[in-house]
Visitor: 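Mind having a look at this structure? Questions to follow.
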Amino acid sequence: MQFFSQKHVYDFMRMRFAAISLSFILFFGSIFILFTKGLNFGIDFTGGTLVQLQYEQKAPLAEIRKALAVNENLKGASVTEFGSANEVIIRFSGSNDSLGSDIGISIANLLKDTGKFEVRRVDVVGPKVGDELRNKGLMAVGISLIAILIYLAVRFEWRFAMASIVCEIHDIVITLGAIALFEIDVNLDILAAVLTVLGYSLNDTIIIFDRIREGVKTSKNSKLDLIINESVSATLSRTTLTTGLTLITVVVLYFFGGSMIEGFALTMIVGIVAGTASSIFVASPALLWFNFSVIQYRQKELEKVKKKQEKEKLRSMYEKGTV
Amino acid sequence: MRSGKITYRSIIFFVVFLIGLVFSMPSIMQTQSGAKINLGLDLQGGLYMLLGIEVEEAVKSKVKSIASSLSYSINKEDIIVDKIKVNDTSIEFSLLDENDVAKVDLLLKDIKGLAIVHENLHYTLSLTQEEIKLTHEQAILQAVETIRNRLDQFGLAEPNVARSGEDKILVELPGIKTATDEARARELIAKAAHLQLMEVDDVRMDQVNNLTPAQAAEYGDLIFEDAKNSQIKYLVKSIPILDGSMLTDAKVGFAQSNNLPVINFTLNSEGAKKFGDYTGNNVGKRLAIVLDNKVYSAPRINERIGGGSGQISGSFTVEEAHDVAIALRSGALLAPVKMLEKRSVGPSLGADSIQMSMIALAGASILVIAFMVMYYGVAGIFANIALVANILVIIAVMAMFGATLTLPGMAGLVLTVGMAVDSNVIINERIRELLREGASIRQSVENGYKHAMSAILDSNITSLITSVVLYAYGTGAVKGFAVTLSIGILVSMITSIVGTHGMFEMFMNRMEKSNNTRLWFGYRRP
């Protein structure tokens with residue numbers, strides 16, 4: 001079984017203006033959403049309290065709100081359904097730093113007339129910890145980007161590194177835009193998902209870049225856009241397959257992973273689609289923008305080979321003792 | 001050998017597979033013996049807390065305790081001083097007799113870490129910066145130790161208490177099931193159990209209700225409430241006679257008079273001596289027994305109390321008395337703790353999460369496995385064997401290193417299933433390409449692996465870089481995810497690159513003989 005004819009070279013570069021325009025719209029649309037709507041930082045980053053309750057019947061939201069309003073601190077608490085009609089999440093910004101009292105118990109007391117329920121989860125995060133978690137998260141993204149930049153610059157060439165970073169930023173922004181659009185609570189697990197998207201999309205970009213590098217060395221063409229077309233076509237089958245399979249697992253996760261994982265899976269779905277498309281339509285053309293020159297690269301490679309040969313020559317001369 | 005060669009590749013793979021199979025079994029089958037994966041609190045239910053320590057308080061109490069022993073020695077040496085005053089971080093006193101300077105200097109020389117300012121006969125003592133730092137450090141280490149001891153005695157399954165960062169403590173209690181258990185555990189941790197024996201200021205005691213704390217401080221006194229009745233207040237000398245650091249044991253007993261629970265404590269030899277000396281010299285005065293800044297009793301001293309034992313009576317329930325005794329035995333916290341972060345997960349939610357992730361894992365695996373066979377034929381079967389080995393070895397490695405599987409970790413595992421086959425997809429695509437160009441099966445397989453290698457290595461190494469960074473900067477959930485993912489990447493290098501190559505080599509002769517590329521690679525040569 002096979003999906004794509006491996007002989008055919010698709011003209012991806014001709015489509016690049018349409019694709020880049022779409023990317024532009026998505027990218028700046030995401031930035032617009034991020035600025036207008038903003039990210040919903042969850043309590044992991046802002047500090048606050050979250051209590052998850054499971055009722056034996058449908059959760060009476062209105063009654064819960066009324067019962068909570070008795071307490072001055074809980075008046076502004078948000079009460080939302082979570083996963084099913086039986087489960088609710090109560091969120092508010094306060095957090096109590098005393099070890100002695102417990103908010104889960106006091107909420108259970110306030111709500112004891114609203115029906116039979118079980119307290120399933122209580123998360124309390126102090127504001128200081130929230131700040132620290134957020135800073136560490138941003139640091140993780142920054143450092144991994146720099147580390148990758150260095151690795152790629154060493155293994156490929158600096159233009160490849162720059163192109164992949166452009167592509168990474170594109171993917172992360174679009175993923176964040178989707179998170180803002182779908183109003184997903186940004187918590188630690190969402191951060192993990194964003195970082196996975198980063199890794200995944202990079203993976204994809206590198207496999208295409210590896211092919212382009214190979215093409216630059218071996219292709220009969222010396223025009224970069226033709227080489228890109230050849231290389232992307234050659235990896236198309238792999239890209240579709242891997243993305244398809246990974247997408248299947250994440251979609252399964254989305255539908256069957258339970259409400260705790262829903263946000264994580266949705267983020268991954270958007271990220272994988274964006275990451276795959278961008279490695280073809282953003283990363284490769286970016287090489288053109290940065291003026292990657294096939295001829296220069298070939299010359300450099302040639303020089304490298306020459307130097308190596310000279311070294312070997314010298315070594316053999318030394319070994320024979322003819323100097 | 002009719003079907004081909006057994007090479008080092010297949011041997012490595014076989015060994016790895018076997019290790020994975022053997023060491024993952026305890027986790028999968030949940031047998032009694034053998035190392036198992038720890039389930040994170042989000043999967044098994046329990047309590048997670050991040051505690052902060054108010055280290056400044058430790059410095060204050062250290063200063064106080066220096067003042068207390070100084071006051072004892074000064075009395076003993078018959079040095080006459082204008083009263084010793086303790087501010088938050090410094091001690092002040094004045095000598096009346098110039099001849100005592102030498103004696104005091106000798107006393108002070110024995111106390112380490114003091115910065116001494118000495119003007120005429122007036123002394124100001126404070127801790128040096130180094131000593132303050134040391135005290136902070138000690139407060140944290142001691143808190144970790146103390147909390148661990150307390151939770152151990154509480155009788156929980158596997159409490160985990162560890163220092164986290166500069167000044168935080170991480171507490172994980174997997175066994176906690178009910179809200180009352182949780183409340184008790186939290187109280188036990190929070191209880192400072194700071195025992196002090198203090199002198200009641202009998203002279204001014206009758207003014208206690210008219211004094212503000214600031215006025216009391218002028219006299220070198222503190223106002224404490226009674227433990228039972230907050231209306232009753234006591235005026236006590238701010239420098240304690242001795243404190244809980246000289247305590248060696250604390251046990252629950254019952255008072256003979258009313259059969260209510262009491263706590264009997266024993267002092268070490270130094271404490272016993274101080275206690276004996278003080279009670280001997282102060283017969284007729286009242287002694288306040290103060291626990292966590294509340295007065296439990298204030299009996300009048302009838303005679304010298306030798307032997308170094310005392311009793312705290314109060315309105316304890318048996319359970320309370322038991323917890324106070326644990327807290328006293330395990331040592332007082334040098335500084336109070338506060339809650340920075342708390343996550344508690346009910347056991348039913350944990351069980352639901354496990355079930356959901358298992359469904360997702362199984363579902364994703366079945367879909368991927370079926371698709372690979374359909375698309376790649378026997379090569380797909382090889383990839384699937386490698387995939388199963390990959391999952392088993394991840395579980396085995398996590399079990400061996402005692403790593404914790406969390407909910408995001410589960411997600412990482414599911415994702416590994418999707419990504420692990422990537423290497424095989426790349427390799428198989430390369431093999432097909434070579435077949436298309438007309439290379440022989442043997443050449444196609446050998447060169448397919450060679451050509452695919454640089455792409456696979458580059459992509460795996462970058463993924464590894466991101467997961468290492470994630471691990472280094474992540475906390476809790478993110479860390480769990482990074483662990484599973486990095487193990488997954490490393491293992492997949494052995495299973496899906498070395499392993500499948502070994503399998504191809506094993507069947508090479510048969511493959512060449514049949515020359516049916518459709519069967520072996522799911523692809524008919526053009």
Side-chain angles (χ1 to χ4, degrees), chain A residues 1-2 6-7 52 54 96-100 102 104-105 108 118-126 128-129 133 136-137 139-140 143-144 147-148 151 155 188-189 191-192 195-196 198-200 202-203 206-207 210-211 234 237-238 241-242 245-246 248-250 252-253 256-258 260-261 264, chain B residues 50 179 182-183 186-187 189-190 337-346 348-349 352-353 356-357 359-360 363-364 367-368 371 374-375 407-408 411 414-415 417-419 421-422 425-426 429 432-433 436 454-455 458-459 461-463 465-467 469-470 473-478 481 522-523:
Chain A
M1 188 163 132
Q2 69 173 336
Q6 295 192 333
K7 269 186 203 151
Q52 183 180 343
Q54 187 183 41
N96 183 351
D97 64 3
S98 127
L99 272 158
D102 182 62
I105 296 170
E118 178 195 358
V119 178
R120 292 189 122 201
R121 178 160 67 118
V122 180
D123 286 357
V124 182
V125 181
K128 236 171 129 188
V129 178
L133 291 179
K136 274 190 163 178
M139 192 102 122
I143 290 185
S144 31
I148 288 159
Y151 180 80
R155 280 285 291 170
L188 282 173
D189 43 351
L191 180 71
L195 289 158
T196 313
L198 185 133
Y200 180 84
L202 194 74
N203 202 37
I206 285 175
I207 283 158
D210 182 79
R211 219 30 186 313
S237 184
R238 172 266 156 196
L241 234 61
T242 300
L245 290 177
T246 316
I248 287 173
T249 56
V250 186
V252 169
L253 213 54
F256 300 101
M260 303 281 292
I261 285 223
F264 181 93
Chain B
L50 192 65
E182 186 195 315
R186 278 189 287 112
E187 270 158 30
I189 293 171
V337 288
K338 63 177 181 208
M339 180 107 70
L340 297 177
E341 188 184 347
K342 185 192 104 165
R343 292 164 195 276
S344 61
V345 177
S348 71
L349 180 62
D352 280 4
S353 297
M356 291 295 195
S357 349
I359 292 174
L367 282 172
V368 168
F371 186 82
M374 246 166 54
Y375 200 82
L407 196 57
V414 174
L415 198 65
V417 172
M419 304 229 292
V421 289
D422 186 37
V425 171
I426 296 175
E429 287 299 314
R432 280 185 177 189
E433 241 173 83
R436 182 163 48 88
S454 77
D458 280 336
S459 70
I461 289 170
T462 38
S463 303
I465 292 176
T466 36
S467 31
V469 173
L470 270 192
Y473 287 92
T475 38
V478 178
F481 182 77
Y523 163 81

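Because the structure is a prediction, the values reported are computed rather than measured. Quick note: numbers below take in every heavy atom, side chains included, and nothing from hydrogens, waters or symmetry partners. We name chains A, B, ... by the order of the sequence lines, and we start the count at 1 in each one.
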Visitor: When you check the side-chain N and O atoms of E118(A) and S348(B), is any donor under 3.5 Å from an acceptor?
Guide: yes
Visitor: Relative to chain A, which of G522(B), A455(B), G346(B), A360(B) shows the most heavy atom pairs under 4.5 Å?
Guide: A455(B)
Visitor: State, to 0.1 Å, how close I206(A) and S459(B) come at their nearest heavy-atom pair, and which atoms those are.
Guide: CG2-N, 3.9 Å
Visitor: Check whether more than 12 heavy atoms from other residues, nucleotides or ligands sit under 6.0 Å from atom OH of Y375(B), and answer yes or no.
Guide: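 Yes.
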Visitor: Does any heavy atom of chain A fall under 4.5 Å from the side chain of S353(B), the backbone, both, or neither of them?
Guide: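 Side chain only.
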Visitor: How long is the gap from OG1 on T462(B) to CD1 on I148(A), to the nearest 0.5 Å?
Guide: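 Reported to 0.5 Å precision, the distance equals 6.5 Å.
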Visitor: Rounded to the nearest 0.5 Å, how far does OG of S463(B) lie from CG of N203(A)?
Guide: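 Taking CG in N203(A) and OG in S463(B), the distance rounds to 4.5 Å.
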Visitor: For side-chain contact (heavy atoms from CB on, under 4.5 Å), just list the numbers for D123(A) and E341(B), CA-CA rounded to whole Å, side-chain angles, deciding distance to a tenth of an Å, and then say yes or no.
Guide: CA-CA 7 Å; D123(A) 286 357; E341(B) 188 184 347; over 6 Å; no
Visitor: Side chain from CB out, backbone as N, CA, C, O: work out which of these in D210(A) comes under 4.5 Å of a heavy atom of chain B, or both, or neither.
Guide: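 Side chain only.
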Visitor: Could you tell me if the side chain of I461(B) sits less than 4.5 Å from the side chain of R155(A), heavy atoms only?
Guide: no
Visitor: With a 4.5 angstrom heavy-atom cut-off, could you sort out which part of V345(B) is near chain A: side chain, backbone, both or neither?
Guide: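 Both parts, backbone and side chain.
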Visitor: Taking side chain as everything from C-beta outward and backbone as N, CA, C, O, which of these in F371(B) sits under 4.5 Å from a heavy atom of chain A? Side chain, backbone, both or neither.
Guide: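 Looking at F371(B), just its side chain touches chain A.
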Visitor: Which atom names give the shortest non-hydrogen contact between V252(A) and A364(B), and what distance separates them?
Guide: CG1-N, 4.1 Å
Visitor: Measure I465(B) against the heavy atoms of chain A and call it side chain, backbone, both or neither at under 4.5 Å.
Guide: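 Answer is side chain: those atoms of I465(B) sit under 4.5 Å from chain A.
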Visitor: Is chain B contacted by the side chain of L253(A), its backbone, both, or neither, given a heavy-atom distance below 4.5 Å?
Guide: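 For L253(A), heavy atoms of backbone and side chain both lie under 4.5 Å from chain B.
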Visitor: On a heavy-atom basis, which atom in E429(B) and which in S237(A) lie closest, and how many Å separate them?
Guide: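 Looks like OE1-OG, 3.0 Å.
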Visitor: Could you grab the distance from atom CG of D422(B) to atom OH of Y200(A), nearest 0.5 Å is fine?
Guide: 7.0 Å
Visitor: I'd like to check V125(A) versus R343(B) (side-chain heavy atoms, cut-off strictly below 4.5 Å). Are they in contact?
Guide: yes
